[in-house]
K.L.:
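Structure provided below as structure tokens; questions to follow.
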Amino acid sequence: MEFDEMKKIWDSQNNVYLFSIDERALHNRVLSKQRQAYHVTHVSELLSIVAFAGSGSIILLVNSFKSTGSIAMYLMSVWMLITAACVLISRVRRIKGNRQYDASLHGSLAYGISLTTYQVRLSGLLRWNMLPIGVLILLGFWEGGKSIWAAAGLVVFLALAHVAARWEHNLYKARKRELEALKDKLDHEDSARDHQ
Amino acid sequence: MTEKEQQNIFNHWLNQHKALIFKVLRAYAATGQDRDDLFQEIIIQVWRSVPSFQYKSSVTTWIYRIALNTAIKWTRKERRYYKEEALYNIQHIVSESHLPVDERLTWLYEEINKLNEIDRSVALLLLDNFSYKEIASILGITESHVGVKINRIKKHLIAKSKTYDYHGV
């Protein structure tokens with residue numbers, strides 16, 4: 001066979017689609033991603049609430065029983081309890097908002113995107129929340145006359161935690177982009193079918 | 001660029017160049033799961049690339065570049081869906097159509113599949129009438145290198161076709 005003949009054979013496929021896109025399978029893939037996203041959100045919300053409420057309460061109690069209570073520690077415990085309350089309120093709002101999405105592929109995708117958008121916002125909020133907490137801890141160190149090395153160690157720890165949180169944040173952003181691309185693909189399929 | 005504009009361009013591109021992506025899928029991904037995985041990778045990359053498209057090349061060249069680069073990276077990373085997944089997840093997003101396909105085309109794809117990942121790209125672009133210059137630009141190699149590769153691929157395919165038995169001919 002000559003190469004020109006191969007080219008003719010190759011060109012013959014331009015008018016016939018060798019593959020088709022299965023919307024149902026795409027829907028299931030979306031549902032799977034959605035379940036994954038839901039699970040991760042659920043766990044990260046609960047962990048945040050428990051961690052902030054727990055640490056805030058412990059710091060408040062310990063500080064109250066101390067004769068030399070630190071103002072910075074009081075402020076930090078209040079800040080942590082407020083953070084836990086904020087996460088709890090947004091969790092309640094998120095769960096209420098879930099009901100507005102239908103069970104169609106479009107609905108599932110829109111829900112998945114909304115959930116991931118929420119995760120992006122939550123992880124961003126928690127990441128930047130480290131800053132006031134770090135400042136308050138440092139203030140507590142200063143009040144308590146702790147060594148500079150302890151403060152430096154804390155700064156390094158917070159910087160590392162911030163990097164890890166940024167990585168997590170970017171992970172959610174990538175997932176969101178992925179879902180948006182799938183939704184656009186689906187919108188495209190619909191518009192192509194409407195034109196037929 | 002607004003998200004809506006990006007979406008419109010993406011929809012249009014996908015509608016116009018779906019066949020091109022299917023060709024890359026067939027040349028690079030052997031199983032249904034691999035095709036799904038690679039398809040998702042390619043469409044995500046195409047979506048992301050929309051804002052950076054500057055009309056310096058044709059859309060076909062741009063999408064081919066993205067699809068092939070994604071496929072090459074995907075092959076090298078060997079990113080496959082080997083992990084166990086629930087049954088609903090095993091359904092294929094991209095499935096082969098039941099339309100009768102020229103047996104010789106199947107043979108041609110089989111031969112292309114046997115080439116290394118860069119040569120597969122060269123073969124696809126060559127069969128889709130891209131110039132040496134365009135192939136070099138898409139794959140980031142020199143035109144002379146493309147020339148050498150094309151020569152070798154043509155010779156290889158012609159030699160293989162001599163042993164190919166098409167309806168006993």
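Convention: sequence-line order gives letters A, B, ...; per-chain numbering from 1. Here the structure is a predicted model, which is why all the values come from computation and not from measurement.
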K.L.:
Whether E143(B) and K133(B) form a salt bridge (side-chain N of Lys/Arg under 4.0 Å from carboxylate O of Asp/Glu) is what I want to check.
P.N.:
no
K.L.:
Can you find a side-chain donor-acceptor pair between S58(B) and T61(B) that sits under 3.5 Å?
P.N.:
yes
K.L.:
Which answer fits L126(B), side chain, backbone, both or neither, if we ask what part of it has an atom under 4.5 Å from a heavy atom of chain A?
P.N.:
both
K.L.:
Tell me, for L127(B) versus chain A, whether the close heavy atoms (under 4.5 Å) come from the side chain, the backbone, both or neither.
P.N.:
both
K.L.:
Examine the side chains of S131(B) and E134(B) and answer whether a donor and an acceptor come within less than 3.5 Å of each other.
P.N.:
yes
K.L.:
Heavy-atom distance under 4.5 Å to chain A: side chain of I21(B), backbone, both or neither?
P.N.:
neither
K.L.:
For a quick check under 3.5 Å, do S121(B) and Y28(B) share a side-chain donor-acceptor pair by atom type?
P.N.:
yes
